[in-house]
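Contents: one structure, followed by commentary.
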Amino acid sequence: MRLDGMTAVITGGTRGLGRAIAESFLREGASVLCAARNPYDIKELADDHPGRLGYQRTDVSDEESVRALVEAAVSRFGRLDILVNNAGVSRDGKIARLSLQDWESTVTTNLTGVFLCTRAAITPMEAQGGGRIINMSSCVSTRTAVGAAAYSASKAAVDMFTRTAALELAPKRITVNALAPGYIDEGMGAQLAANPRAWETYRSRLLAGRLGQPEEVGAAAVFLACADSAYVNGHVLEVNGGLNWAA
Ligand SMILES: NC(=O)c1ccc[n+]([C@@H]2O[C@H](COP(=O)([O-])OP(=O)(O)OC[C@H]3O[C@@H](n4cnc5c(N)ncnc54)[C@H](OP(=O)(O)O)[C@@H]3O)[C@@H](O)[C@H]2O)c1
């Protein structure tokens, strides 16, 4: 098992891609603390992996809440090896009609949340000799889409934050990479695919001709978390079935 004995915090680990990553990590032997604002029932998954799954109520945009999350991970598992900054929201809307509230909640969750969680994880990771940070970007961090200004701008910023964090944290033996999923059959991607007009537009752009599966994002996250990717740093890994925006 590639993550045997390691411990991970996964923000937004209660549903969607975060939950899929949590399941992949658990299968690979890691202990996982999932964080989100709303409680969820971890019993079934926890029963399958006794003593290795926890939940901490957290708002990633709140400094104190993030501090408590990292403290909870260290006190529960004794260390923090992997942080997955996955929590995110999408508030679509053309700029002319986009409310300040929607703009701010997108940027605060998707970007400020990544900053706060990364900053909080540095001390325990450095103290134990290193760690892995994986940020959740998106295919629209580098591609334009009408109505996605807030979301795509926040994800483009996550890409640059990832590269800068990799630069700053390399001396502490912490690697920082990002995953940029395309359209995944879970969470936000499944919502988009449920709209037949939107799905027709996007399907023609997918070399794979299908939505991605959440396990495929989980597998990429395991790669970035385990020893196989020791020489990968500051990279944004696209997991998008060969998304060709020009098609
Ligand atoms: N699904 C896709 O196709 C796709 C494609 C590209 C990128 N992504 C990215 O992948 C990540 C997960 O997306 P998803 O589709 O799985 O979304 P999702 O199903 O909506 O799940 C989002 C998760 O984030 C949590 N969350 C939201 N705001 C939070 C906050 N302020 N503090 C703590 N947790 C918060 C949610 O829990 P609570 O609401 O309970 O807090 C939930 O667990 C996002 O960063 C998204 O941008 C997804």
Side-chain angles (χ1 to χ4, degrees), residues 9-24 32-42 45 55-70 72 83-92 101-102 104-117 120 134-143 145 148 150-159 161-162 178-195 198-199 202-203 205-206 208 210-218 220-221 224 236-241 243:
V9 163
I10 303 177
T11 68
T14 56
R15 60 171 199 262
L17 301 189
R19 187 179 167 100
I21 293 170
E23 290 178 10
S24 298
V32 175
L33 187 61
C34 290
R37 293 164 303 178
N38 297 297
Y40 87 124
D41 188 2
I42 60 168
L45 201 52
Y55 164 77
Q56 171 86 6
R57 193 172 201 150
T58 306
D59 182 345
V60 295
S61 65
D62 181 272
E63 201 171 11
E64 179 53 30
S65 181
V66 167
R67 194 197 55 70
L69 169 64
V70 170
L83 166 66
V84 183
N85 283 316
N86 164 80
V89 294
S90 178
R91 304 269 183 267
D92 282 353
Q101 192 183 12
D102 281 349
E104 285 183 342
S105 72
T106 306
V107 173
T108 306
T109 309
N110 297 2
L111 178 60
T112 310
V114 171
F115 157 63
L116 290 176
C117 294
I134 302 166
N135 298 327
M136 199 58 95
S137 180
S138 162
C139 57
V140 296
S141 73
T142 50
R143 299 168 178 88
Y151 182 74
S152 60
S154 73
K155 295 298 186 180
V158 165
D159 290 357
F161 180 87
T162 299
L179 283 175
Y183 297 98
I184 311 299
D185 195 8
E186 188 68 71
M188 297 174 191
Q191 276 171 27
L192 180 129
N195 175 338
W199 173 231
Y202 288 105
R203 188 170 55 172
R205 299 170 174 173
L206 288 164
R210 63 169 176 84
L211 287 166
Q213 292 304 307
E215 301 77 32
E216 292 171 315
V217 177
L224 290 179
V236 180
L237 178 60
E238 296 205 294
V239 185
N240 64 20
L243 187 58

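The figures that follow rest on heavy atoms only: side chains count, while hydrogens, waters and symmetry mates do not. Start at 1 with the first residue, then count along the sequence. Remember, it's 1-based here, ligands and their atoms both numbered in the order they're listed.
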Acceptor/donor pairs from residues 62-69 side chains to any protein atom, 3.5 angstrom cut, sequence neighbours excluded:
| residue | atom | partner | partner atom | Å |
| --- | --- | --- | --- | --- |
| D62 | OD1 | E64 | N | 3.2 |
| D62 | OD1 | S65 | N | 2.8 |
| E63 | OE2 | R119 | NH2 | 2.6 |
| E64 | OE1 | R67 | NE | 3.1 |
| E64 | OE2 | R67 | NE | 3.3 |
| E64 | OE2 | R67 | NH2 | 2.5 |
| S65 | OG | D59 | N | 2.9 |
| R67 | NH1 | E71 | OE1 | 2.6 |

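The distance from atom CG of D102 to atom OH of Y151, rounded to the nearest 0.5 Å, is 14.5 Å.
Note on residues 11-23: pairs passing side chain to side chain donor-acceptor pair (under 3.5 Å), not counting sequence neighbours, are R19-E23.
Tested against M136 for a side chain to side chain contact (heavy atoms under 4.5 Å, CB included), the candidates V158, I10, I21 yield a single pass: I21.
Among protein residues, G12, T14, R15, G16, L17, A36, R37, N38, T58, D59, V60, N86, A87, G88, V89, T109, M136, S137, S138, Y151, K155, P181, G182, I184, E186, G187, M188, G189 come within 4.0 Å of ligand 1, judged on heavy atoms.
The backbone N or O of G13 lies less than 3.5 Å from no partner atom in the side chain of Y55, so there is not a single donor-acceptor pair.
Applying the side chain to side chain contact (heavy atoms under 4.5 Å, CB included) criterion to D92, with sequence neighbours excluded, gives S90.
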